[in-house]
Amino acid sequence: MKKRNSRFPASRMLIDDLVAASRILARHEVLDAYGHISARSDRRPGCFVMSRSLAPALVTAADLMALDADSEPLPGDARKAFIERYIHGEIYRSRPEVMAIVHSHSASVIPFGVTRSRLRPIYHMGAFLWSGTPVFEIRKHKLDNDLLVRDRGLGKALAGSLGACNCVLMRGHGMTVVGDGVPEAVYRAIYTEMNARLQLQANLLEGPIEFLSDEEGRRSTAANRGTLERPWELWKKQVLGRK
Ligand SMILES: [Zn+2]
């Protein structure tokens, strides 16, 4: 593996976590050839780190690049960055407590972005969805759009739709989740997909569906934070064994 410039604005641990996270999300089919994860830099304020434009399963440490607060690569890095990097930069700008972000085209989530059915926490693993799952309608901001968040203006609009929530759906496109670190963002991306799948299945049975109450959602979100290390350790081991 190519040795990184020692001035790269991320610790070894953060770099390793981002590489593992990319592979974990690919393995769980939350990301395929598309989608990405980023983390706020732990070395340089105002910067964040994500892979160059590449399928997540292929990401290595050498593929990570640092982006500034406007989501532009730092001077001297001419590699191709993801078009939708503005999703990340504008959420970091509006949500100072957010440390990591996943954007995916998670298949089971798509129906909830294009219908009147709201994605809601159906079990404790999806408890973090209690804060709401607003839908970002790109047409409201750009009529002649191609669905992609391809500039700062659209990134800012998406961050506005997310508000103080943990997850925002994107009509006809996918979703974006935030976390207090890489493990939590990964956890939330995986369980948003699973919650969506279960909610679609429950809809086939006799209803109405009994969702978590807001209070249960809040309590369960806090409880899950305390056990995050367990899945994180397992998921890392599963992908690093295939290096
Ligand atoms: Zn996308």
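If you read the sequence from its start, that first residue is 1, and numbering goes on from there.
- Here Leu74 contributes atom CG and Cys47 contributes atom SG; the two are 4.5 Å apart, rounded to the nearest 0.5 Å.
- Take Ser117 and apply the side chain to side chain donor-acceptor pair (under 3.5 Å) test, not counting sequence neighbours, and it matches no residue.
- With contacts defined as side-chain heavy-atom distances shorter than 4.5 Å, the pair Leu147/Asn145 qualifies.
- Between the CG atom in Leu18 and the OG atom in Ser38 there is a gap of 7.5 Å [rounded to 0.5 Å].
- Panel note: side chain Ser213, backbone Glu216; a donor-acceptor pair is recorded below 3.5 Å.
- The shortest side-chain heavy-atom distance between Ser11 and Arg43 falls under the 4.5 Å cut-off.
- At least one donor-acceptor pair closer than 3.5 Å links the side chain of Thr227 to the backbone N or O of Asn224.
- Checked against Leu234 for a side chain to side chain contact (heavy atoms under 4.5 Å, CB included), the options Arg230, Lys237, Gln238, Lys236 give a single hit: Gln238.
- Applying the ring-ring contact (aromatic ring centres under 6.0 Å, His included) test to every pair with at least one member in residues 115-138, sequence neighbours left out, gives these pairs: Phe136-His141.
- Under 4.0 Å is where a charged nitrogen must lie from a carboxylate oxygen, and between Asp180 and Arg225 at least one such pair does.
- Within 6.0 Å of atom CD in Glu72, more than 12 heavy atoms from other residues, nucleotides or ligands are found, so the atom counts as buried in its surroundings.
- Closest approach of Ile37 to Ser22, counting heavy atoms only: CG2-OG, 3.6 Å.
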*Any chance you could lay out the salt bridge (charged side-chain N to carboxylate O under 4.0 Å, His left out) test for Glu215 and Arg218, step after step, and finish with the verdict?*
CA-CA 5 Å; Glu215 195 49 43; Arg218 201 175 338 213; 3.6 Å; yes

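- Using a 4.5 Å cut-off between side-chain heavy atoms of Ile, Leu, Val, Met, Phe, Trp and Tyr, with links allowed through other members, Leu240 and Val182 fall into the same hydrophobic cluster.
- Across every non-hydrogen atom of Cys167 and Pro134, the tightest pair is O-CD, 3.4 Å.
- In this structure Glu229 satisfies the side chain to side chain donor-acceptor pair (under 3.5 Å) test with no other residue, sequence neighbours excluded.
- Here the CG-CD1 distance, from Leu148 to Ile138, works out to 7.0 Å after rounding to the nearest 0.5 Å.
- Of the inter-residue distances, the one linking Glu184 atom CD with Thr221 atom OG1 reads 8.5 Å to the nearest 0.5 angstrom.
- To the nearest 0.5 Å, atoms OG (Ser161) and CD1 (Ile91) are separated by 10.0 Å.
- Considering all non-hydrogen atoms of both residues, Leu200 and Ser108 come closest at CD1-O, 3.7 Å.
- Counting only heavy atoms from C-beta outward, the side chains of Met125 and Tyr187 approach each other to under 4.5 Å.
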*Evaluate the side chain to side chain contact (heavy atoms under 4.5 Å, CB included) criterion for residues Met50 and Leu67: first the C-alpha distance (whole Å), next the side-chain angles of each, then the deciding distance (0.1 Å), finally the verdict.*
CA-CA 8 Å; Met50 69 191 299; Leu67 303 163; 3.6 Å; yes

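- Evaluation of the salt bridge (charged side-chain N to carboxylate O under 4.0 Å, His left out) test over residues 160-173, restricted to residues two or more places apart or in two chains, returns Glu137-Arg171.
- By the side chain to side chain donor-acceptor pair (under 3.5 Å) test, Arg150 pairs with Asp146, sequence neighbours left out.
- Between Ser104 and Val30, the shortest heavy-atom contact is CB-O, 3.3 Å.
- Considering only residues two or more places apart in sequence or on other chains, Asp151 meets the side-chain contact (heavy atoms from CB on, under 4.5 Å) condition with Leu154.
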*Assess whether side-chain hydrogen bond (donor to acceptor under 3.5 Å, both in side chains) is satisfied between Thr60 and Asp63, documenting all intermediate values.*
CA-CA 5 Å; Thr60 67; Asp63 297 308; 2.9 Å; yes

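- The ring-ring contact (aromatic ring centres under 6.0 Å, His included) pairs that include a residue from residues 159-180 are His103-His173, His105-His173, where partners are two or more places apart or lie in different chains.
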*Test salt bridge (charged side-chain N to carboxylate O under 4.0 Å, His left out) on Glu29 and Arg27 and set out the steps.*
CA-CA 5 Å; Glu29 297 180 349; Arg27 189 175 196 271; over 6 Å; no

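- Glu193 places no side-chain N or O within 3.5 Å of a backbone atom of Ile190 that could act as its donor or acceptor partner.
- The two residues Arg85 and Pro73 make their nearest non-hydrogen contact at NE-CD, 4.3 Å.
- Listed by first and then second residue, the salt bridge (charged side-chain N to carboxylate O under 4.0 Å, His left out) pairs that reach into residues 106-122 come to none, sequence neighbours excluded.
- Under the 4.5 Å side-chain heavy-atom criterion for Ile, Leu, Val, Met, Phe, Trp and Tyr, Met194 and Met175 are members of the same hydrophobic cluster.
- Residues satisfying the side-chain contact (heavy atoms from CB on, under 4.5 Å) test with Ser53, not counting sequence neighbours, are Lys80, Phe82.
- With contacts defined as side-chain heavy-atom distances shorter than 4.5 Å, the pair Ile122/Leu212 does not qualify.
- Screening residues 38-65 for ring-ring contact (aromatic ring centres under 6.0 Å, His included), with sequence neighbours left out, gives Phe48-Tyr92.
- Within the structure, side chain to side chain donor-acceptor pair (under 3.5 Å) contacts touching residues 201-212 (residues at least two apart or in different chains) do not occur.
- Side chains of Val49 and Arg44 form no contact here, defined as non-hydrogen atoms less than 4.5 Å apart.
- Residues Ile101 and Val177 are not in side-chain contact: their nearest non-hydrogen atoms beyond the backbone lie 4.5 Å or more apart.
- The same ILVMFWY cluster, assembled from side-chain heavy atoms under 4.5 Å apart, contains both Phe211 and Tyr191.
- Taking hydrophobic clusters as Ile, Leu, Val, Met, Phe, Trp and Tyr residues chained together by side-chain heavy-atom distances below 4.5 Å, Leu58 shares a cluster with Val186.
- In terms of heavy atoms, Phe8 sits closest to Ile15 at CD2-CD1, 3.9 Å.
- At distances below 3.5 Å, not a single donor-acceptor pair connects side-chain atoms of Ser51 with backbone N or O atoms of Val59.
- Under the 4.5 Å side-chain heavy-atom criterion for Ile, Leu, Val, Met, Phe, Trp and Tyr, Leu169 and Ile209 are members of the same hydrophobic cluster.
- By the side chain to side chain donor-acceptor pair (under 3.5 Å) test, Glu90 is found to be paired with Arg93, Arg152, residues two or more places apart in sequence or in another chain being considered.
- Counting heavy atoms from C-beta on, the side chains of Phe112 and Gln199 come closer than 4.5 Å.
- For the pair Val135 and Met170, the minimum side-chain heavy-atom distance is 4.5 Å or more.
- To the nearest 0.5 Å, atom CZ of residue Arg95 and atom CG of residue Leu162 are 5.0 Å apart.
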